[in-house]
Amino acid sequence: MSNHLFDAIRRSIAKNDAIFIETAQGNRWTYGDMIEWSGRLAGAIDTLGVRPGDRVAVQVEKSAEALMLYLACIRCGAVYLPLNTAYTRAELDYFISDAEPRLVVADPTAADDIKTIASKYGALVETLDEGGGGSLIELANEESPDFVEASRTADDLAAILYTSGTTGRSKGAMLTHANLLSNALTLRDHWRFTPNDRLIHALPIFHTHGLFVATNVILTSGASMLLLPKFDPAQILALMPRATVLMGVPTFYVRLLQHEGLNREAVASMRLFISGSAPLLADTHRTFQERTGHAILERYGMTETNMNTSNPYDGERIAGTVGFPLADVSVRVTDPETGKILGQDETGMIEVKGPNVFKGYWRMPEKTKVEFRDDGFFITGDLGKIDRQGYVHIIGRGKDLVISGGYNIYPKEVESEIDQLPGVVECAVIGVAHPDFGEGVTAIVVKQPGSNLDERAVLDALGDRLARYKQPKQIIFVDDLPRNTMGKVQKNVLRERYGNLYTGRARA
Ligand code: MCA
Ligand code: AMP
């Protein structure tokens with residue numbers, strides 16, 4: 001029996017008593033503990049009747065046990081489906097109806113509501129709380145640690161991660177064992193991870209960045225992580241003397257810079273600061289380097305592809321670029337209309353191909369087809385160019401997307417919810433430069449004459465419908481929306497008009 005991803009993880013373990021995870025409370029999990037507990041949990045999942053290929057949906061707080069659950073799914077052949085803890089019940093209903101998981105693992109505080117949803121689609125519900133207790137752990141306690149792994153090949157599914165779409169509902173990106181393993185090994189080598197590394201892990205573990213980039217790189221290096229429940233700059237500064245690497249979204253670095261304690265002495269034991277998920281401002285890059293002596297290493301990826309490019313470890317890390325294609329990834333820039341491959345410094349659609357690129361969207365063969373070229377390149381929806389030195393620059397987005405604090409929000413989803421509210425004629429949702437989140441979700445709304453709808457009423461109505469981070473930071477009421485001659489709303493005009501809403505800077 002071979003299990004493509006877990007066999008490789010097992011091979012990477014230097015010593016069974018090496019530390020894999022240390023939590024904020026000081027609890028330590030060795031690699032031996034990881035093997036034991038992922039085995040017990042795999043046994044529990046198997047006993048519940050989950051078979052290879054079945055989905056296991058998980059909406060739980062961050063904990064070491066939650067990472068054991070991810071590994072348990074890999075080992076028993078289940079398809080791991082992590083869900084953002086901010087998702088509302090309405091959003092969950094969609095994911096569960098679409099993915100049809102055999103098992104949903106929920107926080108005990110949400111279990112009753114989730115049972116109501118899960119029972120509609122024939123899914124079982126077990127619990128896992130943030131302290132590492134819950135019904136699933138009780139079951140695991142009764143299992144043997146010597147679980148016999150399910151056989152999984154490179155092409156078998158390891159996970160489905162939902163990613164919002166420019167039209168319609170979210171799509172489940174199907175990631176195989178080979179997708180995850182190839183990217184983890186490539187990043188491990190590119191970023192020079194060794195068993196001596198200790199990563200500060202302050203990202204959520206329900207998206208690619210915290211789950212795959214951070215966790216799989218540590219696992220395939222036999223390294224360790226300081227697992228923190230969330231991002232807290234003071235705590236991170238206090239831990240830096242015991243760590244070597246930090247991975248974060250740009251908001252992490254913006255907030256760290258607000259701390260006086262961030263200086264060369266504080267980072268003396270750190271060897272690497274990595275940023276991704278959203279554009280890192282050149283200003284943040286420069287100020288961080290001035291304060292710490294470290295050039296933040298920016299990389300670029302997507303849920304569908306894991307990581308595609310990275311600035312170099314040894315060479316120059318150029319602010320405002322996402323570096324070079326990774327060793328096993330091909331990147332090209334094409335004309336968005338014709339698909340013709342463009343030359344150096346020409347701006348167009350970024351397309352990628354490699355073992356990192358996903359298998360397709362869950363039960364959406366048509367959507368999958370239109371996002372791939374005939375020669376296998378995946379069309380990212382990001383606009384960019386490759387310069388003379390080979391650095392990739394992301395210049396814009398061909399997709400209508402807002403990235404706030406590293407979370408993606410598709411305006412269409414927010415607009416459909418607002419449009420349904422009584423008293424609304426129409427609306428447009430845009431991203432506006434925000435000093436903390438990079439972009440702030442902003443809704444421009446046209447009310448019906450005489451309607452007394454106000455900002456509070458709109459936000460209250462969205463409360464149950466959309467995760468908090470998707471909700472507008474500001475709602476602006478206007479008489480009408482600017483349109484072009486074709487009648488299409490001109491979001492660029494709105495972005496310019498409200499460009500200084502959060503920064504207070506005068507418009508250029
Ligand atoms: C929290 N809030 C937000 C966000 N996060 N609003 C907009 N955007 C956000 N990102 C809201 C909360 O709802 C709350 O609102 C208020 O801000 C404070 O909440 P709190 O939990 O205290 O927030 P925080 O701890 O300050 O969180 C900010 C954060 C966090 C640290 C930037 O959002 C975060 O960890 N982001 C990382 C996301 C990530 O991992 N992305 C990777 C995706 P109120 O007070 O009004 O209720 S993977 C990806 O993108 C690709 C593949 C890639 O390349 O990596
Ligand atoms: P997601 O939907 O969470 O997979 O987000 C993927 C998107 O995040 C990409 O298509 C890019 O638009 C954006 N992204 C990720 N990393 C970077 C980066 N370093 N710079 C700019 N955009 C990025």
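Atoms within each ligand, like the ligands themselves, are counted from 1 in listed order. These numbers come from a predicted model, not from an experiment.
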Query raised in the report: Evaluating non-hydrogen atoms only, which member of His207, Arg255, His434 is closest to atom 28 (C) of ligand 1?
Result: Arg255

Report task. Run the salt-bridge test on Lys353 and Asp375 with the 4.0 Å N-O cut-off and return the result as yes or no. Result -> no

Report task. Mark the output for Gly381 as yes if a heavy-atom distance to ligand 2 is under 4.0 Å, and as no if none is. Result -> no

Query raised in the report: Roughly how far apart are Thr220 OG1 and Arg188 CZ, rounded to 0.5 Å?
Result: 5.5 Å

Query raised in the report: For ligand 1, which atoms sit closer than 4.0 Å to a heavy atom of Leu203?
Result: 40 (O)

**Report entry** Contacting atoms of ligand 2, where contact means under 4.0 angstrom from a heavy atom of Ile394
**Finding:** 20 (N), 21 (C), 22 (N)

Requested in this report: Spell out, as yes or no, whether a donor-acceptor pair under 3.5 Å connects the side chain of Ser416 to the backbone of Lys412.
Outcome: yes

Query raised in the report: What do you think, any protein heavy atom under 4.0 angstrom from atom 44 (P) of ligand 1?
Result: yes

Report summary line: All heavy atoms of Gly339 vs all of Arg373, minimum pair found to be CA-NH2, 3.8 Å

Query raised in the report: Of all the atoms in ligand 2, which lie at a distance below 4.0 Å from a heavy atom belonging to Asn408?
Result: 1 (P), 2 (O), 3 (O), 5 (O), 6 (C), 7 (C)

**Report entry** Flag: protein heavy atom within less than 4.0 Å of atom 18 (C) of ligand 1
**Finding:** no

Report summary line: closest protein heavy atom to atom 35 (O) of ligand 1 is Pro204 CD, 3.6 Å

Query raised in the report: How close does the nearest protein non-hydrogen atom get to atom 47 (O) of ligand 1, and which residue and atom is it?
Result: Arg468 NE, 3.1 Å

Query raised in the report: So, is Ser277 polar-close to ligand 1, with some N/O to N/O distance under 3.5 Å?
Result: yes

Query - Region of Thr303 engaging ligand 2 - heavy atom pairs below 4.0 Å - result: both

Report task. Could you see which bit of Glu298 sits under 4.0 Å from ligand 2, with heavy atoms only: side chain, backbone, both or neither? Result -> side chain

Query raised in the report: Relative to the heavy atoms of Thr163, which atoms of ligand 2 are at a distance of less than 4.0 Å?
Result: 2 (O)

Query raised in the report: Between Ala111 and Ala106, which heavy-atom pair has the shortest distance, and what is it?
Result: CA-CB, 4.5 Å

Query - Gln471 near ligand 1 by a heavy-atom separation under 4.0 Å - result: no

**Report entry** Working for salt bridge (charged side-chain N to carboxylate O under 4.0 Å, His left out), residues Lys367 and Glu304
**Finding:** CA-CA 13 Å; Lys367 279 217 163 88; Glu304 288 91 332; over 6 Å; no

Query - N or O contact, Thr251 vs ligand 1, cut-off under 3.5 Å - result: no

Report summary line: Closest heavy-atom pair, Gly343 versus Glu346, reported as atoms and distance to 0.1 Å, is N-OE1, 2.6 Å

Report task. Could you find the nearest protein heavy atom to atom 17 (C) of ligand 2 and give me its residue, atom name and distance? Result -> Ala278 N, 3.7 Å

Query - Residues Asp93 and Arg89 bridged, charged N to O under 4.0 Å - result: no

Report summary line: Rounded to the nearest 0.5 angstrom, the CZ-CZ distance for Arg271 and Phe193 is 5.5 Å

Query raised in the report: How long is the span from the CG atom in Leu67 to the CG atom in Leu227, to the nearest 0.5 Å?
Result: 5.5 Å

Report task. Would you give the length of the straight line joining atom CD1 of Ile318 to atom NE2 of His393, rounded to the nearest 0.5 angstrom? Result -> 7.0 Å

Query raised in the report: For atom 22 (O) of ligand 1, which protein heavy atom lies nearest, and how many Å away is it?
Result: Lys230 NZ, 3.2 Å

Query - Nearest neighbour in protein (non-hydrogen) for atom 54 (O) of ligand 1 - result: Arg299 NH1, 2.7 Å

Report task. For ligand 2, note which part of Ser275 has a heavy atom under 4.0 Å away: side chain, backbone, both or neither. Result -> neither

Query - Min N/O separation Ser404 to ligand 1 under 3.5 Å - result: yes

Report task. Run the salt-bridge test on Asp419 and Arg465 with the 4.0 Å N-O cut-off and return the result as yes or no. Result -> no

Report task. Indicate, as side chain, backbone, both or neither, the part of Ile403 found under 4.0 angstrom from ligand 2 when only non-hydrogen atoms are considered. Result -> side chain

Query raised in the report: Any idea which protein heavy atom is nearest atom 33 (O) of ligand 1, and the distance to it?
Result: Tyr407 CE1, 3.5 Å

Query raised in the report: Are any of the N or O atoms of Tyr469 closer than 3.5 Å to those of ligand 1?
Result: no

Query raised in the report: When you measure from the centre of the six-membered ring of Phe377, is the NZ or CZ of Arg332 under 6.0 Å away and within 45° of the axis?
Result: yes

**Report entry** Whether Gly210 lies under 4.0 Å from ligand 1, heavy atom
**Finding:** no

Requested in this report: Decide whether an N or O pair under 3.5 Å exists between Thr303 and ligand 1.
Outcome: no

Report task. Can you pull out the closest protein heavy atom to atom 34 (C) of ligand 1? Residue, atom name and distance to 0.1 Å, please. Result -> Gly405 O, 4.1 Å

Report task. Considering only non-hydrogen protein atoms, determine which one is nearest to atom 3 (C) of ligand 1 and report residue, atom name and distance to 0.1 Å. Result -> Phe437 CZ, 3.6 Å

Query raised in the report: If you measure every N/O of Thr208 against every N/O of ligand 1, is any gap under 3.5 Å?
Result: no

Query raised in the report: Do any nitrogen or oxygen atoms of Arg299 lie less than 3.5 angstrom from nitrogen or oxygen atoms of ligand 2?
Result: yes

Requested in this report: Could you say whether the N/O atoms of Tyr300 and ligand 2 ever approach to under 3.5 Å?
Outcome: no

Query raised in the report: Is the charged tip of Lys171 near the ring of Tyr361: under 6.0 Å from the six-membered ring centre and within 45° of its axis?
Result: yes

Query - Heavy atom of the protein closest to atom 6 (N) of ligand 1 (residue, atom name, distance) - result: Lys473 NZ, 2.8 Å

Query raised in the report: Would Glu22 and Arg242 pass as an ion pair if we require N to O under 4.0 Å?
Result: yes

Report summary line: Filtering Ala202, Gly301, Gly406, Pro233 for the heavy atom nearest atom 41 (N) of ligand 1 leaves Gly406

Report task. Just let me know how Pro279 lines up against ligand 2, side chain, backbone, both or neither, with a heavy-atom cut-off below 4.0 Å. Result -> both

Requested in this report: Working to the nearest 0.5 Å, report the span between CG of Leu83 and OH of Tyr162.
Outcome: 8.5 Å

Query raised in the report: Thinking salt bridges, do Glu371 and Lys399 make one under a 4.0 Å N-O criterion?
Result: no

Query raised in the report: Can you tell me if Asn179 and Thr176 form a side-chain donor-acceptor pair at under 3.5 Å?
Result: yes

Query raised in the report: Touching ligand 2 at all, His209? Heavy atoms, strictly under 4.0 Å?
Result: no

Query raised in the report: So, Asn356 versus Asn308: side-chain donor-acceptor pair below 3.5 Å or not?
Result: yes

Query raised in the report: Would you say the ring centroid of Phe358 lies under 6.0 angstrom from that of Phe378?
Result: yes

Report summary line: Quick note on ligand 2: atoms under 4.0 Å from a heavy atom of Met302 include exactly 4 (O), 6 (C), 9 (C), 10 (O)

